[in-house]
Amino acid sequence: QVQLVESGGGLVQAGGSLRLSCAASRRTFSTYYKGWFRQAPGKEREFVAAISGDGTITYDADSVKGRFTISRDNVENTVYLQMNSLKPEDTAVYYCAAAGPSISRVRRADEYNYWGQGTQVTVSS
């Protein structure tokens with residue numbers, strides 16, 4: 001069974017930082033596009049960031065541009081989301097997702113075939 005396991009969520013004050021990690025159980029995931037999405041209560045799941053299989057191409061949502069950075073370590077089979085200057089509106093459950101070696105619409109959740117269980121991020125004002 002394929003698994004993506006997120007970690008690193010928690011409670012932080014506005015202006016603080018957190019680093020999320022997503023560990024994949026399958027070595028083949030090292031070539032897959034990976035993404036981070038988030039879902040706040042009462043809202044739809046939204047795209048946060050994505051990264052290509054070799055880590056050379058990244059995508060960010062406008063709402064996190066300049067504050068969040070996605071990266072990956074294919075040796076450790078892990079993708080990261082460094083979140084700085086956090087705001088209360090960043091509060092959500094954050095999900096890691098994996099697509100295939102290529103993807104046509106990187107910001108669409110339905111392009112991703114594998115999902116983690118999510119990790120809660122809460123930013124207090």
Side-chain angles (χ1 to χ4, degrees):
Q1 181 69 24
V2 172
Q3 281 191 320
L4 297 172
V5 180
E6 302 98 336
S7 61
L11 173 65
V12 64
Q13 288 188 331
S17 298
L18 284 174
R19 188 195 196 200
L20 304 184
S21 299
C22 173
S25 62
R26 259 176 43 179
R27 183 55 56 186
T28 50
F29 274 17
S30 64
T31 64
Y32 283 18
Y33 268 77
K34 299 269 181 56
W36 286 97
F37 290 78
R38 66 187 182 187
Q39 189 166 17
K43 295 188 177 181
E44 293 187 354
R45 190 168 298 191
E46 66 171 352
F47 170 79
V48 176
I51 189 167
S52 61
D54 61 3
T56 59
I57 306 171
T58 60
Y59 307 83
D60 301 310
D62 288 342
S63 59
V64 306
K65 200 173 295 290
R67 300 187 298 123
F68 292 10
T69 303
I70 189 171
S71 62
R72 66 190 298 160
D73 182 338
N74 284 347
V75 173
E76 297 296 327
N77 214 8
T78 301
V79 64
Y80 303 98
L81 185 68
Q82 178 65 43
M83 305 186 296
N84 299 328
S85 302
L86 282 160
K87 303 175 181 179
E89 51 263 45
D90 294 318
T91 295
V93 177
Y94 282 70
Y95 297 91
C96 173
S102 63
I103 189 171
S104 57
R105 296 169 296 181
V106 69
R107 290 174 172 82
R108 288 182 60 96
D110 57 8
E111 290 280 330
Y112 294 80
N113 301 312
Y114 306 98
W115 291 84
Q117 293 299 308
T119 185
Q120 176 71 47
V121 171
T122 303
V123 184
S124 63
S125 57

So, for [X] and [Y], which heavy atoms are closest and what is the spacing to 0.1 Å?
X: L81; Y: Y94; value: CD2-CD2, 4.2 Å
X: A14; Y: P88; value: CB-CD, 4.1 Å
X: W115; Y: Y112; value: NE1-O, 3.4 Å
X: T78; Y: S21; value: CG2-CB, 4.2 Å
X: L4; Y: A24; value: CD2-CB, 3.6 Å
X: S17; Y: N84; value: OG-OD1, 2.9 Å

From [atom1] ([X]) to [atom2] ([Y]), nearest 0.5 Å:
X: S102; Y: Y32; atom1: OG; atom2: OH; result: 10.0 Å
X: E46; Y: Q39; atom1: CD; atom2: CD; result: 9.5 Å
X: M83; Y: W36; atom1: CE; atom2: CH2; result: 8.0 Å
X: K34; Y: S52; atom1: NZ; atom2: OG; result: 11.0 Å

Relative to each other, are the rings of Y33 and Y59 parallel, tilted or perpendicular (30° and 60° limits)?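 Answer is tilted, since the angle falls between 30° and 60°.
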With sequence neighbours excluded, tell me which residues meet side-chain contact (heavy atoms from CB on, under 4.5 Å) with T58.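 side-chain contact (heavy atoms from CB on, under 4.5 Å) check on T58 returns I51, I70.
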Who passes side-chain contact (heavy atoms from CB on, under 4.5 Å) against V93, sequence neighbours left out?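 For V93, the residues satisfying side-chain contact (heavy atoms from CB on, under 4.5 Å) (neighbours in sequence not counted) are Y95, Q120.
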Would a single hydrophobic cluster contain both [Y] and [X], if residues Ile, Leu, Val, Met, Phe, Trp and Tyr are joined by side-chain heavy-atom contacts under 4.5 Å?
X: I57; Y: F37; value: yes
X: F68; Y: V123; value: yes
X: Y80; Y: V121; value: no

Could you give all pairs that pass the salt bridge (Lys or Arg N to Asp or Glu O under 4.0 Å) test and reach residues 56-77, with sequence neighbours left out?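 Every salt bridge (Lys or Arg N to Asp or Glu O under 4.0 Å) pair that includes a residue of residues 56-77, provided the two are not neighbours, is R67-D90.
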Does [X] use its side chain to pair, donor to acceptor, with the backbone of [Y] at less than 3.5 Å?
X: Y114; Y: G100; answer: no
X: E6; Y: G118; answer: yes
X: Q3; Y: S25; answer: no
X: T122; Y: T91; answer: no

Might you confirm whether atom CD of Q117 has over 12 heavy atoms from other residues, nucleotides or ligands at distances under 6.0 Å?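 At most 12 heavy atoms, drawn from other residues, nucleotides or ligands, come within 6.0 Å of this atom.
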